[in-house]
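Take a look at the structure below.
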Amino acid sequence: MSIPIALPATSEDFIAYQEQLIRRKLTAAEREAANQWLGIFNDVRTGGLDGAIALGKVDFLISKNTDNDILRFLTAAREWIVCAWKGVQNEDTTGA
């Protein structure tokens, strides 16, 4: 997966992208959840949160769920974490 917006991202950009994907406005609860997850993605991207730890926690949640909607959401969140972490790793190896 390649991410269509740069991380770290603003809440406005991330929510606008999510709304574009689902072709509707997010509810207040969905916006809050999106902001919470964005905080994780941004922290992984900037090195404030270890990507392996974030992946481990999401993988644990995936392993404990059977609801298809939740699994689809967690799988997408996992991909965002992977992309954010790869960006951090690439910066670390290039000295940027």
Side-chain angles (χ1 to χ4, degrees):
M1 172 182 170
S2 64
I3 55 176
I5 61 174
L7 292 173
T10 65
S11 175
E12 294 79 17
D13 288 343
F14 187 72
I15 287 173
Y17 177 70
Q18 297 304 314
E19 290 176 339
Q20 177 188 0
L21 285 177
I22 64 173
R23 296 186 179 110
R24 67 170 174 80
K25 295 286 186 187
L26 295 179
T27 66
E30 290 168 332
R31 284 176 173 267
E32 178 60 28
N35 280 323
Q36 294 295 316
W37 280 98
L38 177 61
I40 293 167
F41 308 149
N42 283 343
D43 284 350
V44 170
R45 179 68 177 100
T46 60
L49 175 61
D50 185 287
I53 291 171
L55 283 178
K57 290 183 179 197
V58 171
D59 286 344
F60 174 79
L61 292 172
I62 289 170
S63 75
K64 297 297 179 187
N65 270 286
T66 57
D67 182 282
N68 286 334
D69 292 331
I70 293 172
L71 288 171
R72 190 172 336 141
F73 176 84
L74 290 172
T75 300
R78 187 183 194 287
E79 290 301 316
W80 279 96
I81 291 169
V82 167
C83 289
W85 191 24
K86 284 181 179 180
V88 171
Q89 290 175 329
N90 288 341
E91 285 183 0
D92 289 346
T93 60
T94 61

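Because the structure is predicted, anything quoted here is derived from the model rather than measured.
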Handout entry: Sequence-distant partners of Ile62, side chain to side chain contact (heavy atoms under 4.5 Å, CB included), two or more places apart
Key =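 If we apply the side chain to side chain contact (heavy atoms under 4.5 Å, CB included) test to Ile62, skipping adjacent residues, the hits are Val58, Asp59, Leu71, Leu74, Thr75, Arg78.
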Handout entry: Under the side chain to side chain contact (heavy atoms under 4.5 Å, CB included) test, residues paired with Ala33 that sit two or more places apart
Key =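 Residues passing side chain to side chain contact (heavy atoms under 4.5 Å, CB included) with Ala33: none at all.
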Exercise for the section: Only pairs at least two apart or in different chains count here, so list each side-chain hydrogen bond (donor to acceptor under 3.5 Å, both in side chains) that has a residue in residues 15-26. Expected result: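 Residue pairs with at least one partner in residues 15-26: Glu19-Arg31, Arg24-Glu30.
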Practice task
Work out which heavy atom in Leu26 is nearest to a heavy atom in Ala34; give both atom names and the distance.
Solution key: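 The pair with the smallest heavy-atom distance is CD1-CB, 4.3 Å.
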Exercise for the section: Under the side chain to side chain donor-acceptor pair (under 3.5 Å) rule, collect the residues that match up with Asp13, sequence neighbours excluded. Expected result: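 Applying side chain to side chain donor-acceptor pair (under 3.5 Å) to Asp13 gives Thr10.
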Problem - Donor-acceptor contact below 3.5 Å, side chain Asp50 vs main chain Ala52 - result: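 Indeed, once roles are kept as given, a pair shorter than 3.5 Å links the two residues.
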Problem - Check: Arg45 side chain, Leu7 main-chain N or O, donor-acceptor pair, under 3.5 Å - result: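 Yes, because the side chain of Arg45 sits within donor-acceptor range (under 3.5 Å) of the backbone of Leu7.
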Exercise for the section: Applying salt bridge (charged side-chain N to carboxylate O under 4.0 Å, His left out), name anything that partners Asp69, two or more places apart in sequence or on another chain. Expected result: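 Asp69 satisfies salt bridge (charged side-chain N to carboxylate O under 4.0 Å, His left out) with Arg72 only.
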Handout entry: Leu49 and its side-chain contact (heavy atoms from CB on, under 4.5 Å) partner, picked from Ile40, Ile81, Asn42
Key =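 The single option meeting the side-chain contact (heavy atoms from CB on, under 4.5 Å) with Leu49 is Ile40.
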Handout entry: Partners meeting ring-ring contact (aromatic ring centres under 6.0 Å, His included) with Phe73 (sequence neighbours left out)
Key =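 Partners of Phe73 by the ring-ring contact (aromatic ring centres under 6.0 Å, His included) criterion, ordered by chain and then number, come out as Trp37.
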Exercise for the section: Measure the shortest side-chain to side-chain distance between Leu61 and Lys57 over non-hydrogen atoms and say whether it is less than 4.5 angstrom. Expected result: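 A side-chain contact under 4.5 Å is absent here.
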Practice task
Would you confirm whether the ring centroid of Trp85 sits within less than 6.0 angstrom of the ring centroid of Phe41?
Solution key: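 No.
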